[in-house]
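Report on the following structure.
Below, read A as the first sequence line, B as the second, and so on, with proteins coming before strands; counting in each chain starts at 1. Worth saying up front: this structure is predicted, and the values here are computed from it rather than measured.
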Amino acid sequence: MPRITLPDGSIKEFASPITARQVAEAIGPRLAQAALGCKIDGELRDLSTLIDRDCSLAIVTEKTRDKQADPDALMLIRHSAAHIMAEAIQRIVPEAQLVYGPPLATGFYYDIKFPDNRPLKEGDFAAVEAEMKKIIAEDRPFTRVDSSAPEGMSRLQGEGSKYKIDNAARAVIPKRAAELLNGLVSGHVAVTESDCPGAKLSFYYTGEPMPGVWNDLCRGPHVPSTGRIGAVKVMSLASSYWHGDENSDRLTRVYGTAFATQAELDAYLNQLDEAKKRDHRVIGKQLRLFHIDEMVGQGLVLWTPNGSIVRKELQNFIGSELKKQGYTEVFTPHIGSLDLYKTSGHFPYYKESQFPPIVERDALDRLADEGCSCAEVMRRVEGVSAHLASGINERTKAQTIAPDRVIPDEQLVSGFMLKPMNCPHHARIFASAPHSYRDMPVRLAEFGTVYRWEQSGELNGMTRVRGFTQDDAHLFCTEEQVPAEIQGCLELVKVIFKVLGMKDYRVRVGMRDPDSGKYTGTKESWDKAEAACLAAAESLGVPFSKEPGEAAFYGPKIDFVVKDVIGREWQLGTVQVDYNMAIRFDLSYIGPDNKPHRPVVIHRAPFGSMERFCGVLIEHFAGAFPTWLAPEQVRVLPISEKTADYARQVEQALRAAGVRVTLDETNERIQAKIKDAADWKVPYMVVVGPRDAEASQVSLRARGHMKDLGTMSLTGFVEAIKDEIATRGANTVVSRFV
RNA sequence: GCCGCCAUAGCUCAGCGGUAGAGCAACGGUUUUGUAAACCGUAGGUCGUGGGUUCGAUUCCCACCGGCGGCUCCA
């Protein structure tokens with residue numbers, strides 16, 4: 001006698017168990033027709049699911065009540081489309097073995113093992129799509145068949161696909177799956193009912209459950225039949241590893257997408273095209289904002305004059321906010337001695353992600369004369385002196401230097417490193433003078449350029465590079481000052497994001513993994529710092545997630561994450577509490593008790609790096625920077641040469657007021673000049689002809705406005721745009737015309 | 001780093017076993033123009049680099065460099 005609660009709160013009672021489809025039919029035939037699946041107690045299920053107990057039920061259809069595409073419906077459609085694509089691919093390449101094919105937010109993929117002599121190529125896409133469309137046209141039902149775990153497993157063993165056997169094993173005997181896999185594949189091991197009491201495996205047939213009909217081990221759910229998938233497209237190929245392990249089998253990941261209707265697919269593809277136009281790499285080239293040069297090196301950004309203006313304005317802006325918060329500015333070199341990084345612990349612990357050390361030529365010559373192997377050279381470079389080792393060992397219990405790295409002084413090879421972080425330099429600045437509790441916190445800020453050896457496949461425009469400038473600072477504070485300083489860091493980020501109109505960001509709070517003992521610092525300190533991070537994130541009023549285990553070993557952290565135009569997430573700013581650095585560098589301040597105390601260090605870079613931040617900002621504004629940031633703020637467009645003199649006067653007046661202005665003296669018609677200025681996304685165009693010269697006025701056009709704004713006196717415009725720039729867009733010139 | 005794809009003028013792209021073509025940009029000229037592309041002309045490329053196949057390679061093959069999409073990694 002199931003009592004079923006519907007989304008509107010009404011309750012329907014049935015005499016006997018009933019399928020979700022029958023409930024939909026009982027509500028109305030049109031609903032039943034539109035139904036793609038259902039949600040039972042919030043869980044997405046097949047429409048054919050038999051309901052034999054009290055529950056809440058929502059029928060899932062293409063559209064939600066407000067006519068938006070239903071994300072649950074898209075999940076069903078895409079998961080089903082993944083099956084259809086897999087079947088289509090297996091028709092074309094019968095030896096292809098299926099591994100894993102989940103739905104995604106924008107589509108789906110299927111990881112497939114292709115035979116080496118028959119990989120899937122992009123040229124196959126048309127054929128795959130044609131097969132998919134055939135399967136859709138056949139409108140075959142998706143039919144679920146449940147079996148007991150032993151039965152299902154032996155069936156898969158009969159098929160002989162290790163990937164499916166692995167999937168099934170992970171589902172029913174997760175703890176022993178890895179250990180038993182080989183036995184299961186070879187058939188020496190069977191799964192018995194006692195291994196996994198009550199566990200089930202489900203299969204989905206694309207059609208009636210008969211031999212010869214395509215089917216796959218699958219948890220489901222699916223749409224009722226293949227005909228319910230309105231539009232599909234095979235998007236791209238990529239590689240992946242089985243279980244994400246690079247030492248494991250290499251698979252081909254085939255990406256596709258599916259929608260309820262062709263129109264929605266077209267709209268999505270169109271949106272992708274539009275997004276590509278906003279890509280910072282495209283706009284960066286068009287507007288000459290930056291350049292990455294093959295001859296200079298991969299991942300090394302050249303800031304061209306236009307981009308440099310944007311960066312400089314941002315730095316000035318941050319700098320002015322930092323001043324308000326009591327920061328002091330420092331400058332440090334781009335390299336530091338290996339001893340510095342051995343003390344901080346960066347070298348050689350992170351040597352894989354750093355540029356290799358710089359060693360004096362004489363030392364290398366000497367080692368060559370001695371006939372040292374490369375490995376021996378590295379041993380001597382990475383080694384530490386007994387003196388340095390003992391110093392660190394005495395001072396910290398957290399991280400010590402492995403005894404085999406301590407080598408005699410005469411074997412040591414000293415050298416330098418391009419700095420991977422700014423903090424060691426800043427630590428030494430702190431240590432260079434005595435500090436009293438009265439002058440804490442000490443806030444050292446620097447736009448510090450760091451170099452990291454990112455894997456070549458990871459490099460990406462300005463968002464992932466090998467040399468970048470952090471808007472870095474290190475706050476050396478007392479334990480009690482930590483919460484207020486964290487709060488201050490977040491305030492800064494909030495102000496900056498607000499002025500730039502960036503609303504689409506989220507915050508991750510990285511906390512301890514409760515089961516790990518790798519952390520340094522006392523439990524009490526951690527408790528306080530984590531609470532401070534959470535409180536600060538909460539007061540910021542943005543979505544944040546607690547992420548246990550994501551803290552660094554030296555302290556909890558707060559990360560800011562934004563999405564780029566193609567939906568990839570990039571970490572921008574970070575605020576990290578550090579209990580370790582002060583110990584390693586033996587930093588101290590004198591407390592009110594006239595005794596030395598250990599400061600806590602907060603690393604913070606609210607933008608992360610100027611490169612990544614500007615990249616994201618280019619996409620955020622689609623290159624149309626607000627006036628205060630725009631490389632070119634005003635372009636003066638004389639109607640003809642006859643107004644050239646007045647145009648020059650206008651240009652001079654604006655330049656004298658500190659406005660970045662250019663004059664278009666080309667022999668073009670005004671229409672062409674406007675088009676050109678629009679292409680360069682100049683915020684304001686000043687059109688001047690004889691009428692304007694006569695009246696000492698300007699005719700104004702603002703970017704994004706289809707027609708001109710009207711006229712304004714020259715002096716009035718100069719004041720208005722100065723105001724817009726000075727207020728960073730709070731008072732705009734345009735606002736004076738409405 | 002791994003897998004796949006791509007590489008032609010400053011930019012966007014066409015072409016193809018017989019030593020290259022368009023549009024825009026650039027430059028010169030005509031026009032002197034009132035709000036999103038006036039007209040005419042000129043110049044510009046050892047077709048990413050190095051090998052190989054071939055009578056002949058920008059085109060086919062291999063390697064490298066670089067880019068793109070993923071994977072992995074990311075203090």
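- The partner of B/C47, taking Watson-Crick or G-U wobble pairs whose two distances both stay under 3.5 Å, does not exist in any strand shown.
- With distances taken from any side-chain atom of A/Q671 to the nucleotides B/U35, B/G34, B/C2, the minimum falls on B/U35.
- Checking B/A75, B/C2, B/C73 against the side-chain heavy atoms of A/R464 singles out B/C73 as nearest.
- Checked against A/N422 for a side-chain hydrogen bond (donor to acceptor under 3.5 Å, both in side chains), the options A/T449, A/T469, A/D472 give a single hit: A/D472.
- Counting to the nearest Å, the P atom of B/U12 and the CG atom of A/D273 are 16 Å from each other.
- The side chain of A/Y554 sits closest to B/A75 out of B/G66, B/A75, B/G4.
- Between B/C68 and B/U54, the distance separating the two P atoms is 37 Å to the nearest Å.
- Across every non-hydrogen atom of A/D471 and A/F607, the tightest pair is OD2-N, 2.9 Å.
- When the P atom of B/G10 is taken as reference, atom NE2 of A/H291 falls 12 Å away, rounded to whole Å.
- Of all heavy-atom pairs spanning A/R466 and A/Q455, the tightest one is NH2-C, 4.0 Å.
- As judged by a 4.0 angstrom heavy-atom cut-off over every strand, A/A678 is placed among the base-contacting residues.
- Taking both residues in full, the closest heavy atoms of A/A81 and A/F108 are given as CB-CE2, 3.5 Å, listed atom of the first, atom of the second, then distance.
- Under a 4.0 Å N-O distance rule, the pair A/D279/A/K276 does not qualify as a salt bridge.
- Minimum atom distance to the side chain of A/K285 is reached by B/U12, of the listed B/G67, B/U12, B/A75.
- In summary, the side chains of A/E446 and A/T332 do present a donor paired with an acceptor at a separation below 3.5 Å, with no hydrogens or angles considered.
- Counting non-hydrogen atoms under 4.0 angstrom, A/G244 reaches the backbone sugars and phosphates but no base.
- The distance from atom CD1 of A/I639 to atom P of B/U35 is 7 Å, rounded to the nearest whole Å.
- Using the Watson-Crick or G-U wobble rule with both distances under 3.5 Å, B/U58 pairs with nothing in any strand shown.
- Checked by atom type and distance alone, the side chain of A/H425 pairs as donor or acceptor with a backbone atom of A/I335 at under 3.5 Å.
- Considering only side-chain atoms of A/E294, the nucleotide from B/G70, B/A75, B/C65 that sits closest is B/C65.
- When ring centroids are compared, A/H603 and A/Y554 come within the 6.0 Å threshold.
- Checking B/U33, B/G66, B/C2 against every side-chain atom of A/Y241, the shortest atom distance belongs to B/C2.
- In this structure, B/U19 makes no Watson-Crick or G-U wobble pair, since no nucleotide meets both defining distances under 3.5 angstrom.
- Proximity note for A/P420 (side chain, C-beta onward) versus B/G10, B/A36, B/A75: the nearest is B/A75.
- With hydrogens and angles left out, the side chain of A/S699 and the base of B/G34 share a donor-acceptor pair within 3.5 Å.
- Of the candidates B/G70, B/G10, B/A36, B/G70 carries the atom nearest the A/A238 side chain, counting heavy atoms from C-beta on.
- A/G336 and A/Y341 make their closest contact through O-CE1, 3.6 Å (heavy atoms, listed as atom of the first residue, atom of the second, distance).
- For the pair A/N460 and B/G69, the criterion of a side-chain N or O lying under 4.0 Å from OP1 or OP2 is met.
- The partner of B/C39 is B/G29, judged by Watson-Crick or G-U wobble contacts that both fall below 3.5 Å.
- Counting to the nearest Å, the P atom of B/A37 and the CD1 atom of A/I670 are 12 Å from each other.
- For A/K675, whose side chain is taken as the heavy atoms from C-beta onward, the closest listed nucleotide among B/A37, B/G10, B/A75 is B/A37.
- For the pair A/R288 and B/A25, the criterion of a side-chain N or O lying under 4.0 Å from OP1 or OP2 is not met.
- Regarding A/R466, its CZ atom lies at a distance of 13 Å from the C1' atom of B/C74, rounded to whole Å.
- The distance between atom CG of A/L287 and atom P of B/U12, rounded to the nearest whole Å, is 13 Å.
- Taking 3.5 Å as the limit, the base of B/A36 and the side chain of A/R701 contain a donor-acceptor pair of atoms between them.
- Rounded to the nearest Å, the gap between the P atom of B/U58 and that of B/G51 is 12 Å.
- Using a 4.0 Å heavy-atom cutoff across all strands shown, A/E668 reaches at least one base atom of the nucleic acid.
- Only the P atoms considered, B/C24 is 29 Å distant from B/G17, to the nearest whole Å.
- At a threshold of 4.0 angstrom between heavy atoms, the contacts of A/Y255 are confined to the sugar-phosphate backbone, with no base atom among them.
- With hydrogens and angles ignored, a donor-acceptor pair under 3.5 angstrom links the side chain of A/S239 to the base of B/G70.
- Nucleic acid contact class of A/Q576 (heavy atoms, under 4.0 Å, all strands): sugar-phosphate only.
- Judged by atom type and distance alone, A/R253 does not reach the base of B/C71 through any side-chain donor-acceptor pair under 3.5 Å.
- Judged by closest nucleotide on RNA chain B, A/L251 is the one of A/V687 and A/L251 placed further toward the 5' end.
- Along RNA chain B, the nucleotide nearest to A/K707 and the one nearest to A/S456 differ in position, and the one closer to the 5' end is contacted by A/S456.
- Between A/Q298 and B/G67, a side-chain N or O to OP1/OP2 separation shorter than 4.0 Å is present.
- Looking at heavy-atom distances under 4.0 Å, A/Q354 makes contact with a base.
- Distance noted for atom C1' between B/C74 and B/C13: 36 Å (whole Å).
- The shortest non-hydrogen separation linking A/E668 to A/K673 is O-CE, 3.4 Å.
- Contact between the side-chain N/O atoms of A/K642 and the OP1/OP2 oxygens of B/U33 is found at a separation under 4.0 Å.
- Remark: the separation of the P atoms in B/U59 and B/G48 is 8 Å, to the nearest Å.
- Pairing of B/G66, defined by two Watson-Crick or G-U wobble distances under 3.5 Å, is identified with B/C6.
- B/U12 and B/G4 have their P atoms separated by 26 Å, given to the nearest Å.
- Atom OH of A/Y341 is separated from atom P of B/A75 by 17 Å (rounded to the nearest Å).
- Rounded to an integer number of Å, the gap from A/L104 CG to B/G70 P is 11 Å.
- Distance check on atom C1': B/A22 versus B/G1 gives 41 Å, rounded to whole Å.
- The nucleotide whose nearest atom lies closest to any side-chain atom of A/R250 is, among B/C3, B/A38, B/A75, B/C3.
- Rounded to whole Å, the separation between the P atoms of B/C5 and B/G41 comes to 44 Å.
- Taking only distance into account, the side chain of A/D692 meets the base of B/G34 through a donor-acceptor pair shorter than 3.5 Å.
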